[in-house]
Chemist: 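Below are the structure tokens for one structure; questions will follow.
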Amino acid sequence: MSMLEAAEPRQTALPPADQALAEGVLASQRRALAKAITLIESSRPDHQERAHRLLERLLPETGKAIRIGISGVPGAGKSTFIEALGTWLIDRGHRLAVLAVDPSSSVSGGSILGDKTRMENLCQREEAFIRPSPSSGSLGGVAEKTREAMLLCEAAGFDVIIVETVGVGQSETTVAGMVDMFCLLQLPNAGDDLQAIKKGIVEIADMVVINKADIDPRAAQVVRAQWRNALHMLRHTSSHWEPPVLTLSALHKEGIEAFWEQVEAYQAALVPSGDFAARRHRQSIDWMWSLIDSGLRQYFRNHPAVRRDLPDLTHAVAEGRTTPAAAAYKLLADLQT
């Protein structure tokens, strides 16, 4: 199948097994959803082809959920907050999917995937679906297939999708490119950590939450004031929204309702202005280019001439016999052979 053919949306019949899988996802069967996510995360070419057709079939049933990104420094209580929020939402008739990304070891490649353990109560609710995935070296604090997994969860009828990232870092801003609202969790006793946070992360935050405010209420108010001043001086993602700074205690389930009120206020402000839809349109285009970049990199590595010259040029660069630039130009020229 050519790349052009892959880009054209088609509704050809799925194989019986994949048709059953699609029907299971649409019927909100948790096992089917888990199998579908495993399929899209596979690196096997035949699985990738099946996943592409499955997503094309389910695409009309997506886009109806609110997508929220949750990030924050390690220890900020992201999992505790998500469990408290998720339980609160389910009690009010919502269905929640959590895509929790754990960092992969740079040595072994393994990942603890402990979010299901940390969200033990939420895991027991039928209206919740929690999928921990390893980052597998992907930048941006998210797994490589997080976007596709969100679409599958939406097709399964979940109306709130939360992406919990691995933690604040220079590349953490990637998550903001796939969600409707990006929330940053902070601690009340973080000291001068505000100065160390990258400006880019602060600029894309749609809400800042000071969690564990019960530990030191006075310190929480001081940090809240600092964040409000910092956010006031920056240009935000939408002229129709001023990012609020909230204090809450996820452990004691205090402030959860106020948080969700801000989520609803965010939608009420951005949907009529068109900013909400425009944001999703930009994200879809960015996603397309991301896949193009990934596809070109894979095509480059699998090109026969590149595979022939890459080992020798890699050694030459390592030993100082040629420059990285010269080696790169030579490998790029191989694509024309």
Side-chain angles (χ1 to χ4, degrees), residues 24-25 27-38 41 64-103 111-135 141-143 145-146 149-167 175 178-187 207 209-214 246 248-264:
V25 171
S28 301
Q29 297 175 4
R30 297 157 66 93
R31 180 175 177 82
L33 177 57
K35 290 179 64 176
I37 294 178
T38 299
E41 289 179 341
K64 303 171 186 177
I66 176 71
R67 307 165 182 171
I68 303 174
I70 303 291
S71 184
V73 296
K78 295 187 292 294
S79 296
T80 303
F81 170 69
I82 292 172
E83 181 171 55
L85 174 64
T87 304
W88 187 90
L89 288 170
I90 289 172
D91 289 341
R92 284 151 184 81
H94 292 278
R95 300 185 68 234
L96 173 76
V98 180
L99 303 176
V101 185
D102 274 3
S111 187
I112 296 175
L113 303 179
D115 285 278
K116 281 198 170 184
T117 301
R118 293 193 293 267
M119 302 181 195
E120 183 178 0
N121 293 328
L122 191 59
C123 283
Q124 299 175 6
R125 302 296 295 265
E126 288 294 326
E127 304 89 346
F129 177 82
I130 301 176
R131 174 73 179 208
S133 299
S135 60
V142 293
K145 299 296 184 178
T146 299
M150 283 197 303
L151 294 179
L152 290 174
C153 290
E154 290 179 344
F158 293 95
D159 62 329
V160 180
I161 313 292
I162 292 180
V163 180
E164 180 195 359
T165 68
V166 298
V175 69
M178 64 179 69
V179 297
D180 302 316
M181 189 174 198
F182 178 68
C183 302
L184 192 60
L185 261 65
Q186 291 295 295
L187 294 168
M207 187 191 312
V209 175
I210 312 300
N211 191 22
K212 303 184 180 182
D214 56 298
L246 306 182
L248 57 80
S249 172
L251 182 63
H252 297 290
K253 299 179 175 58
E254 298 172 351
I256 301 299
E257 183 175 359
F259 172 87
W260 192 249
E261 287 176 352
Q262 290 297 330
V263 173
E264 292 178 331

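Bear in mind the structure is a predicted one, so any value in this text is a computation, not a measurement.
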Chemist: Do Leu248 and Asn211 come within less than 4.5 Å of each other through their side chains, counting heavy atoms only?
Modeler: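 Side chain of Leu248 against side chain of Asn211, heavy atoms only: contact under 4.5 Å found.
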
Chemist: Step by step, would you call Leu85 with Ile70 a side chain to side chain contact (heavy atoms under 4.5 Å, CB included)?
Modeler: CA-CA 12 Å; Leu85 174 64; Ile70 303 291; 5.7 Å; no

Chemist: Do Leu122 and Ile90 have side chains that get closer than 4.5 Å, going by heavy atoms?
Modeler: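 In contact.
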
Chemist: Closest approach of Ile130 and Cys123, non-hydrogen atoms and distance?
Modeler: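 Scanning both residues completely, I find the closest heavy atoms to be CD1-SG, 3.5 Å.
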
Chemist: Got a second to check how far Ile256's CD1 is from Glu261's CD, nearest 0.5 Å?
Modeler: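 Answer rounded to 0.5 Å: 12.0 Å.
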
Chemist: Closest heavy-atom contact between Lys78 and Ser71?
Modeler: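 Of all heavy-atom pairs spanning Lys78 and Ser71, the closest is CD-C, 3.7 Å.
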
Chemist: So which atom in Ala65 and which in Val160 form the shortest heavy-atom distance, rounded to 0.1 Å?
Modeler: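 In this case the closest contact between Ala65 and Val160 is CB-N, 4.1 Å.
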
Chemist: With a 4.5 Å cut-off on side-chain heavy atoms, are Phe259 and Phe81 touching?
Modeler: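 Answer yes - side chains close enough.
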
Chemist: Using only atom types and a distance under 3.5 Å, with no angle test, would you say the side chain of Glu83 pairs donor to acceptor with the backbone of Asn121?
Modeler: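 At least one qualifying donor-acceptor pair exists.
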
Chemist: I'd like to check the side-chain contact (heavy atoms from CB on, under 4.5 Å) partners of Ala155; sequence neighbours left out, ordered by chain and number.
Modeler: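 With neighbours one apart ignored, the set is Val25, Leu26, Leu58, Glu61, Thr62.
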
Chemist: So do Phe129 and Leu152 actually touch side chain to side chain, heavy atoms under 4.5 Å?
Modeler: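 Leu152 does not reach Phe129 side chain to side chain.
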
Chemist: Hey, are the side chains of Arg125 and Asp91 touching, using non-hydrogen atoms and a 4.5 Å cut-off?
Modeler: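 A side-chain contact exists here, since the closest heavy-atom pair is under 4.5 Å.
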
Chemist: Would you call Lys212 and Thr80 a side-chain contact if the rule is heavy atoms closer than 4.5 Å?
Modeler: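 No, their side chains stay 4.5 Å or more apart.
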
Chemist: So if I apply the side-chain hydrogen bond (donor to acceptor under 3.5 Å, both in side chains) rule between Asp159 and each of His94, Lys64, Arg95, which one comes out positive?
Modeler: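 That would be His94.
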
Chemist: Shortest non-hydrogen contact from Glu126 to Arg30?
Modeler: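 Closest pair (atom of Glu126, atom of Arg30, distance): O-NH1, 3.3 Å.
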
Chemist: Once you round to the nearest 0.5 Å, how far does OG1 of Thr146 lie from CG of Leu151?
Modeler: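 Between atom OG1 of Thr146 and atom CG of Leu151 there are 11.0 Å.
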
Chemist: Is it the case that over 12 heavy atoms from other parts of the model lie below 6.0 angstrom from the CZ atom of Arg31?
Modeler: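 No - once you tally the heavy atoms of other residues, nucleotides and ligands closer than 6.0 Å, there are 12 at most.
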
Chemist: Please identify each residue that fulfils side-chain contact (heavy atoms from CB on, under 4.5 Å) with Ala27, with sequence neighbours left out.
Modeler: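 Only Gln29 meet the side-chain contact (heavy atoms from CB on, under 4.5 Å) criterion with Ala27.
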
Chemist: For a quick check under 3.5 Å, do Arg131 and Thr38 share a side-chain donor-acceptor pair by atom type?
Modeler: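 Result is yes, a qualifying pair exists.
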
Chemist: Which residues pass the side-chain contact (heavy atoms from CB on, under 4.5 Å) test with Lys253, not counting sequence neighbours?
Modeler: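 Here the qualifying residues are Ala84.
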
Chemist: Of all heavy-atom pairs between Leu96 and Gly86, which one has the smallest distance, and what is that distance?
Modeler: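 Here Leu96 and Gly86 meet closest at CD2-CA, 3.3 Å.
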
Chemist: Apply side chain to side chain contact (heavy atoms under 4.5 Å, CB included) to the pair Met207 and Val263, showing each step before the final yes or no.
Modeler: CA-CA 9 Å; Met207 187 191 312; Val263 173; 4.3 Å; yes

Chemist: Minimum heavy-atom separation for Glu127 to Phe158, with atom names?
Modeler: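 Looking at all heavy atoms of both residues, the closest pair is O-CE2, 3.6 Å.
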
Chemist: Please tell me if the side chains of Met178 and Arg67 come closer than 4.5 Å, counting only heavy atoms from C-beta onward.
Modeler: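 They are not in contact (no side-chain heavy atoms under 4.5 Å apart), so the answer is no.
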
Chemist: Can you tell me how far the SG atom of Cys153 sits from the CD1 atom of Ile162, to the nearest 0.5 Å?
Modeler: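 Between atom SG of Cys153 and atom CD1 of Ile162 there are 11.5 Å.
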
